Trainee: 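Structure incoming, see below.
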Amino acid sequence: MNEEILSEIKKMNKLLAIDLTRELKTDEKFELLSNAGFQPKEIADICNTTPNTVSVALSRAKSKRKKKGK
């Protein structure tokens, strides 16, 4: 695939993700985007934060779900 086309597709995906998650809380955004297949680095770029912040939030959310399941 042409690199220019691929770059444009990535931009469109980012814009759609921003629009779809605009009214969600930060942690909800992270989870939704992660479930949609975005990697922490991509989520961080979309949400203007660091990949580490995303990873920590996703890890905490996973721990909360485990505790609720007990």
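Values in this document were obtained by computation on a predicted structure and should not be read as measured data.
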Trainee: With sequence neighbours excluded, what pairs up with Glu8 under the salt bridge (charged side-chain N to carboxylate O under 4.0 Å, His left out) test?
Mentor: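 Testing Glu8 for salt bridge (charged side-chain N to carboxylate O under 4.0 Å, His left out), a comparison that skips the adjacent residues, returns Lys11.
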Trainee: For a quick test of reading the model, state the closest non-hydrogen atom pair linking Ala17 to Ile46 and the distance between them.
Mentor: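 Heavy atoms of Ala17 and Ile46 come nearest at CB-CD1, 3.8 Å.
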Trainee: Of all residues at least two apart in sequence or in a different chain, which pass the salt bridge (charged side-chain N to carboxylate O under 4.0 Å, His left out) check with Glu42?
Mentor: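 Testing Glu42 for salt bridge (charged side-chain N to carboxylate O under 4.0 Å, His left out), a comparison that skips the adjacent residues, returns none.
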Trainee: Can you tell me how far apart NZ (Lys14) and CD1 (Ile43) are? Round to the nearest 0.5 Å.
Mentor: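 Lys14 NZ to Ile43 CD1: 13.0 Å, rounded to 0.5 Å.
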Trainee: Do the side chain of Thr21 and the main chain of Leu24 share a donor and acceptor less than 3.5 angstrom apart?
Mentor: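 Such a contact is absent between Thr21 side chain and Leu24 backbone.
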Trainee: How close do Leu33 and Cys47 get, counting heavy atoms only, and between which atoms?
Mentor: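 That closest heavy-atom pairing would be CD1-SG, 4.1 Å.
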Trainee: Sequence neighbours excluded, which residues qualify as side chain to side chain contact (heavy atoms under 4.5 Å, CB included) partners of Lys10?
Mentor: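 Lys10 satisfies side chain to side chain contact (heavy atoms under 4.5 Å, CB included) with Leu6 only.
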Trainee: Verify, without hydrogens or angle tests, whether Ser63 (side chain) and Ser59 (backbone) share a donor-acceptor contact under 3.5 angstrom.
Mentor: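 Checking the backbone N and O of Ser59 against the side chain of Ser63, a donor-acceptor pair under 3.5 Å is found.
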Trainee: What distance do Leu58 atom CG and Asp27 atom CG have between them, rounded to the nearest 0.5 Å?
Mentor: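 Here the rounded value is 8.5 Å.
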Trainee: Please round to the nearest 0.5 Å and tell me the distance separating atom NZ of Lys29 and atom OG of Ser34.
Mentor: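 The NZ atom of Lys29 sits 15.5 Å away from the OG atom of Ser34.
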Trainee: For Glu31, is there an ion pair with Lys62 - N to carboxylate O distance below 4.0 angstrom?
Mentor: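 Not counted as a salt bridge, because no side-chain N and carboxylate O are separated by less than 4.0 Å.
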Trainee: Any idea which heavy atoms bring Phe38 and Asn13 closest together, and the distance?
Mentor: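 That closest heavy-atom pairing would be CZ-O, 4.3 Å.
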